[in-house]
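Because only heavy atoms are used, hydrogens play no part in the values below, and waters and symmetry mates are left out as well, while side chains stay in.
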Amino acid sequence: MPQLPAGWKEATLEEVADVWNGYAFKSSDLWEKADNTFPVFKMWNIERWGWLKITGKEDYYCWNIEIDKRFFTQKHDILISMTDMQASMELLWYSARIKNEKFVVNQRVGIIRPIVWKINPIYLSYFMNTKFYINRLRTTANSWVQVNLTTAWIKNSLIHLPPLPEQQAIAAVLSSFDDKIELLRAENQTLEQMGQELFKERFGKWKIGDELPEGWRVGKLGEEFDVSIGRTPPRAESEWFSNKPIGKKWISIKDMVNSWIYIFNTSEFLTDEAIAKFNIPIIPNNTTILSFKMTVGKLAITTEDMLSNEAIAHFKLKSNSVLSSEFIYCYLSNLDFNSLWSTSSIVTAINSTIIKELSCIIPDQETLSKFDLVIKPLFNKIRANSEQIQPLSSTRDQLLPKLMSGEVRVEF
């Protein structure tokens, strides 16, 4: 245990917050959005670093079903994912703080309601997103392979408890970075919505099988793009992998989940020797990529020459193509992958052959050129904003463990 500064103490989470599970909805309880409905918060609405991810495709709860009001979010509630989405621990136990958002919470999300005269909710949210805390939580759970978290483990997890004024000062320092990041993210979200609405307005009404406008046609993704699939060297041979910037960045689905539209960072690199020995396909800069296993349908665009694992497909532009990465990003964003196949297990349904054979509508060159004139500036601005976020995030990430351990102190 690290030596804590004078005046700090350790406490269990139960001493400073109330903890319980969300509501166990039945599928019949969930509706589409309507006047008498309320959005349901699920574990995939939680992103790393305490961000809420609102997809616009949430299920909704009908007011006609009476449930305890404690399952509805309040300001400063902290929500934590209770089940690993990939059975890999990669996305387990992320947490996010409610500001003013109104949700009803499902059973795979834990609700933590801070006792505000004992702990600053913003401080607690930051502490819960440290690697230090997550590792402690796993130790409390006495397992590194268990994929379901219990409220008992959360209650018994240990946190650092500085005096309340110092908690507020720490929260203010970290929030100063995240407030700037949030403004940029909000602008990016608005820009992406504008781009998606523009795409739907110009192309959304046309479906495969419709009579298309003159000059439009139906093609296959494997014919329109150079589609490649990533690879993973043998995990037992650790010399091919690195968490330091050598070789090239190697994208996992976790990295895609943690990115916005543009992906800048990866948790691992592959060495140049690995790339050559295992013939790992290189993904060019500004290439749209798609996850098609486990987390299906996640999209991103590369920001340099990169690599990926075998769960990710790459749509490389051909030299003579009239299409753009922005167009295919929007096109794939508007596909309902769950409705494309009649199997109950979409994870096993999608493979690289199916992706290459997937039909897509190709507008004429003039229409595509006019679309690019509008969509590219929007995406360029999103990329520029995302580039501004990188140093802000890096500084916050470096400060967080030092502030939470007392290594760096703030005046209060």
K.L.:
Might you work through the salt bridge (charged side-chain N to carboxylate O under 4.0 Å, His left out) test for E15 and K155, ending with a clear yes or no?
P.N.:
CA-CA 8 Å; E15 294 178 66; K155 291 177 180 179; over 6 Å; no
K.L.:
Less than 4.5 Å apart, side chain to side chain, heavy atoms only: is that true for I289 and F315?
P.N.:
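Not touching, per the 4.5 Å side-chain cut-off.
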K.L.:
Using distance alone, with no hydrogens and no angle criterion, decide if N129 and S95 have a side-chain donor and acceptor under 3.5 Å apart.
P.N.:
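Yes - a donor-acceptor pair under 3.5 Å links their side chains.
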K.L.:
Does any part of the side chain of E387, heavy atoms only, come nearer than 4.5 Å to the side chain of Y262, both counted from C-beta?
P.N.:
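Y262 vs E387: side chains apart.
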K.L.:
Could you tell me whether the side chain of E304 and the main chain of N285 form a donor-acceptor pair under 3.5 Å?
P.N.:
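Answer holds: no.
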K.L.:
Kindly indicate whether the side chain of I229, heavy atoms from C-beta on, has any atom under 4.5 Å from the side chain of I312.
P.N.:
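Sidechains of I312 and I229: no contact.
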K.L.:
Salt bridge or not between K316 and E224? Use side-chain N to carboxylate O under 4.0 Å.
P.N.:
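Salt bridge flag = no for E224 with K316.
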K.L.:
Using 0.5 Å steps for rounding, measure from the CD1 atom of I251 to the CD1 atom of I253.
P.N.:
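Separation between the atoms: 11.5 Å.
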K.L.:
Just by distance, no angles: are the side chains of E187 and N385 close enough, under 3.5 Å, to form a donor-acceptor pair?
P.N.:
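There is such a pair (donor and acceptor under 3.5 Å, judged by atom type) between the side chains of E187 and N385.
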K.L.:
Are M82 and N21 close enough that some pair of their side-chain heavy atoms sits under 4.5 Å apart?
P.N.:
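They are in side-chain contact.
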K.L.:
Test side chain to side chain contact (heavy atoms under 4.5 Å, CB included) on Q167 and F412; report intermediate values, then the result.
P.N.:
CA-CA 9 Å; Q167 294 176 36; F412 60 95; over 6 Å; no
K.L.:
So F371 and F327, do their side chains get closer than 4.5 Å, heavy atoms only?
P.N.:
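A side-chain contact under 4.5 Å exists here.
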K.L.:
Are Y329 and F379 near enough that their ring centres are under 6.0 Å apart?
P.N.:
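Here the rings of F379 and Y329 have centres that are less than 6.0 Å from each other.
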K.L.:
Which pair of heavy atoms, one from S175 and one from I122, lies closest together, and at what distance?
P.N.:
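Heavy-atom minimum between the residues: OG-CG2, 3.6 Å.
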K.L.:
For Q365, does the CD atom sit with more than 12 other heavy atoms under 6.0 Å from it, leaving out its own atoms?
P.N.:
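Open.
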K.L.:
Determine, for K244 against E268, whether the closest basic-nitrogen to carboxylate-oxygen distance falls under 4.0 angstrom.
P.N.:
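No, this pair does not count.
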K.L.:
Do K9 and L4 have side-chain heavy atoms sitting under 4.5 Å apart?
P.N.:
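Result no, sub-4.5 Å side-chain heavy-atom pair not found.
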K.L.:
Is any side-chain heavy atom of D272 less than 4.5 Å from a side-chain heavy atom of I246?
P.N.:
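The answer is no, as the side chains (C-beta and beyond) never meet within the 4.5 Å cut-off.
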K.L.:
Indicate yes or no for a side-chain donor-acceptor contact from T302 to the backbone of N286 under 3.5 Å, with no hydrogens or angles considered.
P.N.:
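Such a contact is found between T302 side chain and N286 backbone.
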K.L.:
Taking 4.0 angstrom as the limit, do K248 and D305 come out as a salt bridge?
P.N.:
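Looking at D305 together with K248, the answer is no, because their closest N to O distance does not fall below 4.0 Å.
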K.L.:
With ring-ring contact (aromatic ring centres under 6.0 Å, His included) as the test, would you mind laying out the steps for F203 and Y331 before giving the verdict?
P.N.:
CA-CA 9 Å; F203 309 115; Y331 188 89; 8.9 Å; no
K.L.:
Okay, side chain of S333, backbone of Q196: is any donor-acceptor separation there less than 3.5 Å?
P.N.:
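Here the side-chain-to-backbone pair does not exist.
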K.L.:
State whether a side-chain donor-acceptor pair under 3.5 Å links D178 with Y126.
P.N.:
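Yes, side-chain donor-acceptor contact under 3.5 Å.
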K.L.:
Measuring from atom CD1 of I261 to atom CG of L378, what distance do you get when rounded to the nearest 0.5 angstrom?
P.N.:
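One finds 9.5 Å between CD1 of I261 and CG of L378.
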K.L.:
Do you know which two heavy atoms are closest between V374 and R202, and how far apart they sit?
P.N.:
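In this case the closest contact between V374 and R202 is CG2-NH2, 4.0 Å.
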K.L.:
Considering non-hydrogen atoms only, spot the tightest contact between M128 and I112 and give its length.
P.N.:
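Nearest pair, atom of M128 first, then I112: CE-CD1, 3.2 Å.
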K.L.:
Does E166 come within less than 4.0 Å of R409, counting only side-chain N to carboxylate O?
P.N.:
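Yes, E166 and R409 are salt-bridged.
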K.L.:
For the backbone of I389 and the side chain of S393, can you confirm whether one donor and one acceptor N or O come within less than 3.5 Å of each other?
P.N.:
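The answer is yes, because a donor-acceptor pair under 3.5 Å joins these two groups.
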K.L.:
Measure the OG1-CG distance between T232 and L307 for me, rounded to the nearest 0.5 Å.
P.N.:
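Going from the OG1 atom of T232 to the CG atom of L307 covers 10.5 Å.
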K.L.:
How long is the straight-line distance from CZ of R185 back to OG1 of T190, given to the nearest 0.5 Å?
P.N.:
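The distance works out to 12.5 Å.
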K.L.:
Determine, step by step, whether D364 and T367 satisfy the side chain to side chain donor-acceptor pair (under 3.5 Å) criterion, reporting the C-alpha distance in whole Å, the side-chain angles of both residues, the deciding distance to 0.1 Å, and the verdict.
P.N.:
CA-CA 6 Å; D364 66 273; T367 301; 2.7 Å; yes
K.L.:
Quick one: OG on S325 to CG on L299, what's the gap to the nearest 0.5 Å?
P.N.:
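Reported value, rounded in 0.5 Å steps: 11.5 Å.
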K.L.:
Are the side chain of S242 and the backbone of F269 linked by a donor-acceptor contact shorter than 3.5 Å?
P.N.:
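No, S242 side chain to F269 backbone: no donor-acceptor pair under 3.5 Å.
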K.L.:
Would you indicate whether the side-chain heavy atoms of D255 and S267 approach each other to under 4.5 Å?
P.N.:
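In short, these two side chains touch, coming nearer than 4.5 Å.
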K.L.:
Salt bridge between R231 and E310, side-chain N to carboxylate O under 4.0 Å?
P.N.:
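So R231 does not pair with E310 through a salt bridge.
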K.L.:
If you round to the nearest 0.5 Å, how far is CG of L335 from SG of C360?
P.N.:
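If we round to the nearest 0.5 Å, C360:SG and L335:CG are 9.0 Å apart.
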K.L.:
Do S359 side-chain atoms and K220 backbone N/O form a donor-acceptor pair below 3.5 Å?
P.N.:
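Answer holds: no.
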K.L.:
With no hydrogens and no angle check, is any side-chain donor or acceptor of T287 less than 3.5 Å from a backbone partner on H314?
P.N.:
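Side chain of T287 to backbone of H314: no pair is present.
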K.L.:
Tell me whether the centres of the aromatic rings in F132 and H160 are closer together than 6.0 Å.
P.N.:
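Here the rings of H160 and F132 have centres that are less than 6.0 Å from each other.
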K.L.:
Between L399 and F177, which heavy-atom pair has the shortest distance, and what is it?
P.N.:
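Closest pair (atom of L399, atom of F177, distance): CD1-CE1, 3.7 Å.
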K.L.:
For the pair K99 and E101, evaluate side chain to side chain contact (heavy atoms under 4.5 Å, CB included) and give the outcome as yes or no after the intermediate values.
P.N.:
CA-CA 6 Å; K99 295 181 179 178; E101 299 86 358; 3.7 Å; yes
K.L.:
Determine, step by step, whether I78 and L124 satisfy the side chain to side chain contact (heavy atoms under 4.5 Å, CB included) criterion, reporting the C-alpha distance in whole Å, the side-chain angles of both residues, the deciding distance to 0.1 Å, and the verdict.
P.N.:
CA-CA 9 Å; I78 298 170; L124 178 58; 3.7 Å; yes
K.L.:
Considering only NZ, NE, NH1 and NH2 on the basic side and carboxylate oxygens on the acidic side, decide whether D77 and R113 come within less than 4.0 Å.
P.N.:
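Judged by the 4.0 Å cut-off on N to carboxylate O distance, D77 and R113 do form a salt bridge.
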K.L.:
Give the ring-plane orientation class for W216 versus W206, where under 30° counts as parallel, over 60° as perpendicular and anything between as tilted.
P.N.:
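Plane angle over 60°, so perpendicular.
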K.L.:
Is the side chain of N309 donor-acceptor paired with the backbone N or O of G230 at a distance under 3.5 Å, no angle test?
P.N.:
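A pair under 3.5 Å: no.
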K.L.:
Nearest heavy-atom pair of Y123 and L161: which atoms, and what distance?
P.N.:
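In this case the closest contact between Y123 and L161 is OH-N, 4.4 Å.
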K.L.:
For atom CD of E366, decide whether the heavy atoms of other residues, nucleotides or ligands shown that lie under 6.0 angstrom number more than 12.
P.N.:
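Incorrect, the count does not exceed 12.
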K.L.:
Spell out, as yes or no, whether a donor-acceptor pair under 3.5 Å connects the side chain of S125 to the backbone of P121.
P.N.:
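Not a single qualifying donor-acceptor pair exists.
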K.L.:
Using side chain to side chain contact (heavy atoms under 4.5 Å, CB included), reason through I375 and F199 one step at a time and then give a plain yes or no.
P.N.:
CA-CA 9 Å; I375 198 70; F199 179 88; 5.9 Å; no
K.L.:
What's the shortest heavy-atom distance between M306 and T303, and which atoms?
P.N.:
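Looking at all heavy atoms of both residues, the shortest contact is SD-N, 4.0 Å.
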K.L.:
Do D372 and S324 have side-chain N/O donor and acceptor atoms under 3.5 Å apart?
P.N.:
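Their side chains do contain a donor-acceptor pair, which is all the 3.5 Å distance test asks for.
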K.L.:
Answer yes or no: does atom NZ of K318 have more than 12 heavy-atom neighbours from other residues, nucleotides or ligands under 6.0 Å?
P.N.:
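Counting other residues, nucleotides and ligands, NZ of K318 exceeds 12 neighbours.
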K.L.:
Say whether, by atom type as modelled, one donor and one acceptor occur between the side chain of Q390 and the main chain of S386 under 3.5 angstrom.
P.N.:
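It does hold such a pair.
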